[in-house]
J.: 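Take this structure first; my questions come after.
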Amino acid sequence: MRIASWNINSIKMRLEHVRNWLRQHQPDVLLLQELKGLEFPAAEFRALGYQSAVLPQKAYNGVATLARHDIKIEYERLPGDPLDEQARYLETTINGLRVIGIYAPNGNPVESDKFSYKLSWLDRLQERLKLLREDEIPVVIGGDFNIIPESVDCYDPVVWKEDALFRLETRKKWRSILNLGYTDAFRIYNKQAQQYSFWDYQAGAWPQNRGIRIDHFLLSPDVTDRMVSCTIDTIPRGLEKASDHTPVIVEIK
DNA sequence: ATGGCTTTATGCTAAAGA
């Protein structure tokens, strides 16, 4: 089973990119983040053999799950705050696997309430993932975590030191989630530096490979044992009118 | 990056992203 995740920074602007990528890679599941609008081209994906579960929001955020198999929706919001209406969390069951797509808050600037929202959102995520571990549910959670886990995951740790994506508080939340028993799929085999999933549009970040690794897959222990590979496809970042993120793909047997 | 792109919107400038 091949599961991919891609922050596409507007589905409206990137529909052709996504369609071409689906045709080329034929994943069983594709998690999308930053739809950035209420409209979603479900019919176009249906024509390629994919069903859709969509959690849209006007202008910002928005996540969707595409799958060749039936999708059972479990949660359309991250539990723990009934007042949180941002479209960032979609928990489904697909082919016997709990598949969760997320778009975690950015959190900048750190002096603002956006950073406290990010930290409390990650607290709620940890609570949810803890429950799923206690129930021994096989979990694949993927998406834009907006977390740079380690220094090796960014081009210049000094530049990122005080950023919401790399602040110690943020990385502590990441560690706490891993300590529940989840594994960073990409780092099981690949320990290389300069392995990124995002490059800023500005200042020639892409041609200079000044990127950060913030799009991740976490696997519960049983699913970790079933993992075959986890790779980042950097090709789409070099296309015309590219998203600033590129797809991550995990293969599970 | 003290913001050099890109996108969305009770739109023609502001807000958000990371």
Side-chain angles (χ1 to χ4, degrees), chain A residues 5-18 21 31-41 54-64 84-89 101-122 125 142-174 184 186 193-216 232 234 236-248:
Chain A
S5 172
W6 194 3
N7 179 325
I8 37 91
N9 184 22
S10 165
I11 187 61
K12 190 177 174 184
M13 296 300 295
R14 234 66 67 191
L15 176 58
E16 279 315 297
H17 285 55
V18 177
W21 195 86
L31 310 173
L32 296 171
Q33 302 91 41
E34 283 212 89
L35 305 175
K36 289 189 137 181
L38 291 175
E39 287 182 41
F40 188 81
V54 189
L55 185 64
Q57 183 181 327
K58 191 160 95 177
Y60 303 115
N61 309 321
V63 291
D84 182 5
E85 304 207 322
Q86 298 192 30
R88 298 181 176 277
Y89 182 93
I102 67 160
Y103 173 50
N106 175 300
N108 282 306
V110 290
E111 314 78 49
S112 71
D113 55 6
K114 290 182 179 182
F115 190 54
S116 50
Y117 172 67
K118 175 179 191 146
L119 296 179
S120 64
W121 198 91
L122 292 172
L125 183 65
D144 180 355
F145 282 70
N146 269 314
I147 297 174
I148 301 166
E150 309 277 354
S151 295
V152 70
D153 297 309
C154 65
Y155 66 88
D156 186 350
V158 175
V159 165
W160 289 93
K161 191 170 186 298
E162 295 304 321
D163 192 280
L165 281 67
F166 195 55
R167 278 279 288 245
L168 188 58
E169 297 97 313
T170 304
R171 289 186 286 137
K172 277 185 167 180
K173 303 286 183 199
W174 173 261
D184 179 350
F186 184 76
Q194 299 184 307
Q195 305 287 295
Y196 307 133
S197 67
F198 168 93
W199 297 259
D200 202 296
Y201 286 123
Q202 302 178 68
W206 164 246
Q208 297 175 82
N209 196 26
R210 293 164 67 86
I212 52 180
R213 192 176 71 92
I214 56 174
D215 299 271
H216 309 295
I232 300 172
T234 57
R237 185 61 182 84
L239 299 175
E240 283 293 308
K241 301 291 283 181
S243 169
D244 39 10
H245 297 250
T246 207
V248 185

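The chains referred to below are lettered A, B, ... by the order of the sequence lines, with proteins before strands, and numbering in each begins at 1. Keep in mind it's a predicted model, so treat the numbers as computed, not measured. Only this structure's heavy atoms are used, side chains among them; waters, hydrogens and symmetry mates stay out.
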J.: Base, sugar-phosphate, or nothing for A:Lys118, non-hydrogen atoms under 4.0 angstrom?
T.: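 Nothing: the residue A:Lys118, judged by heavy atoms under 4.0 Å, touches no strand.
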J.: On DNA chain B, nearest-nucleotide positions of A:Tyr155 versus A:Met13: which is more 5'?
T.: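 On the 5' side of the pair lies A:Tyr155.
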J.: From B:dT8, B:dG3, B:dT6, pick the nucleotide closest to the side chain of A:Gln202?
T.: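 So the side chain of A:Gln202 is nearest to B:dG3.
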J.: Need to verify one output field. Residue with the more 5' nearest nucleotide on DNA chain B, A:Tyr103 or A:Arg14?
T.: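 The residue mapped nearer the 5' terminus is A:Arg14.
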J.: Considering all heavy atoms of both residues, which atom of A:Leu165 and which atom of A:Thr170 are nearest to each other, and what is their separation?
T.: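 Smallest heavy-atom distance, with atoms named: O-CG2, 4.1 Å.
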J.: Applying a 4.0 Å non-hydrogen cut-off, can you work out what A:Asp200 is touching in the nucleic acid: base, sugar-phosphate, or nothing?
T.: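 Base contact - A:Asp200 has a heavy atom under 4.0 Å of at least one base atom.
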J.: Regarding A:Asn61, tell me which of base, sugar-phosphate or nothing describes its non-hydrogen contacts under 4.0 Å with the strands shown.
T.: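 Nothing: the residue A:Asn61, judged by heavy atoms under 4.0 Å, touches no strand.
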J.: Say we look at B:dC5 and B:dT10: how far apart would their C1' atoms be, to the nearest angstrom?
T.: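 Each nucleotide's C1' atom is 26 Å from the other's.
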J.: Is A:Ala59 touching bases, backbone alone, or none of the nucleic acid, heavy atoms closer than 4.0 Å?
T.: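 It contacts sugar-phosphate atoms only.
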J.: Would you say A:Asn9 reaches B:dT7's phosphate, i.e. side-chain N/O to OP1/OP2 under 4.0 Å?
T.: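 So the side chain of A:Asn9 is outside the cut-off, no N or O lying under 4.0 Å from OP1 or OP2 of B:dT7.
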J.: Would you kindly give the CG-to-P distance between A:Asp244 and B:dA16, to the nearest whole Å?
T.: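 Taking CG of A:Asp244 and P of B:dA16, I get 17 Å after rounding.
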J.: Which whole-number value in Å describes the distance from A:Asn146 CG to B:dA16 P?
T.: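 Roughly 15 Å, once rounded to whole Å.
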J.: From the list B:dA9, B:dA18, B:dT7, which nucleotide is the closest neighbour of the side chain of A:Lys58?
T.: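 The answer is B:dA9, which lies nearest to the side chain.
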J.: Choose from B:dA16, B:dC5, B:dA18 the nucleotide whose nearest atom is closest to any side-chain atom of A:Tyr60.
T.: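 Of the candidates, B:dA16 comes closest.
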J.: Determine the Euclidean distance between corresponding P atoms of B:dA1 and B:dA16; express it in Å to zero decimal places.
T.: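 Result for the P pair: 22 Å, nearest Å.
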J.: Would you indicate, yes or no, if B:dA18 has its OP1 or OP2 atom less than 4.0 angstrom from a side-chain nitrogen or oxygen of A:His245?
T.: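 Yes, because at least one side-chain N or O of A:His245 sits under 4.0 Å from OP1 or OP2 of B:dA18.
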J.: Any side-chain N or O of A:Asn108 below 4.0 angstrom from OP1/OP2 of B:dG3?
T.: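 It does not, given that no N or O in the side chain of A:Asn108 lies less than 4.0 Å from OP1 or OP2 of B:dG3.
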J.: Under 4.0 Å between any heavy atoms, over every strand shown, what does A:Asp156 touch: base, sugar-phosphate, or nothing? Just pick one.
T.: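 Touches nothing.
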J.: For atom C1', what is the distance between B:dA18 and B:dT6, given to the nearest Å?
T.: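 It works out to 13 Å between them.
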J.: Whole Å only: how far is the CD1 atom of A:Ile8 from the P atom of B:dG17?
T.: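 Nearest whole value for this atom pair: 15 Å.
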J.: Just how far, in rounded Å, is C1' of B:dT7 from CG of A:Asn7?
T.: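 Spelled out: CG on A:Asn7 to C1' on B:dT7 is 12 Å.
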J.: Report yes if the distance between the aromatic ring centroids of A:His216 and A:Trp174 is under 6.0 Å, otherwise no.
T.: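 So the answer is yes for these two rings.
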J.: Just the rounded figure in Å: distance from P of B:dT6 to NZ of A:Lys12.
T.: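 In whole Å, B:dT6 P lies 17 Å from A:Lys12 NZ.
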J.: Output the rounded distance in Å from CD (A:Gln208) to C1' (B:dC5).
T.: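 Taking CD of A:Gln208 and C1' of B:dC5, I get 14 Å after rounding.
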J.: Using side-chain heavy atoms (C-beta onward) and a distance below 4.5 Å, is A:Trp199 in contact with A:Thr246?
T.: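 Sidechains of A:Thr246 and A:Trp199: in contact.
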J.: Taking only N and O in the side chain of A:Ser10, is any of them less than 4.0 Å away from OP1 or OP2 of B:dT6?
T.: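 No, A:Ser10 has no side-chain N/O under 4.0 Å of OP1/OP2 on B:dT6.
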J.: Rounding to a whole Å, what distance do you find between A:Gln33:CD and B:dA18:P?
T.: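 The distance from CD of A:Gln33 to P of B:dA18 comes to 10 Å, rounded to the nearest Å.
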J.: Does the side chain of A:Thr234 reach to within under 4.5 Å of the side chain of A:Trp206, using non-hydrogen atoms?
T.: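 Yes - at least one pair of side-chain heavy atoms lies under 4.5 Å apart.
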J.: In terms of side-chain geometry, is the basic nitrogen of A:Asp184 or A:Arg213 positioned less than 4.0 Å from the acidic oxygen of its partner?
T.: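 Salt bridge flag = yes for A:Arg213 with A:Asp184.
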J.: Got A:Phe40 and A:Pro56 here, is their nearest side-chain heavy-atom distance under 4.5 Å?
T.: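 Not touching, per the 4.5 Å side-chain cut-off.
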J.: Rounded to whole angstroms, how far apart are CD on A:Gln86 and C1' on B:dA15?
T.: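 Computing the A:Gln86:CD to B:dA15:C1' distance gives 14 Å.
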J.: Pairing donors with acceptors under 3.5 angstrom, does anything connect the side chains of A:Arg210 and A:Gln208?
T.: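 Absent: no donor and acceptor within the cut-off.
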J.: If the P atom of B:dG4 is compared with that of B:dA14, how far apart are they to the nearest Å?
T.: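 Result for the P pair: 14 Å, nearest Å.
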J.: Just to be sure I understand the rule, does A:Ile212 reach a base, reach only the sugar-phosphate, or reach nothing, if contact means heavy atoms closer than 4.0 Å?
T.: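 If one applies the 4.0 Å heavy-atom cut-off, A:Ile212 turns out to touch the sugar-phosphate alone, with no base involved.
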J.: Is any side-chain nitrogen or oxygen of A:Lys36 closer than 4.0 Å to OP1 or OP2 of B:dA16?
T.: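 False: A:Lys36 side-chain N/O out of range (4.0 Å or more) of B:dA16 OP1/OP2.
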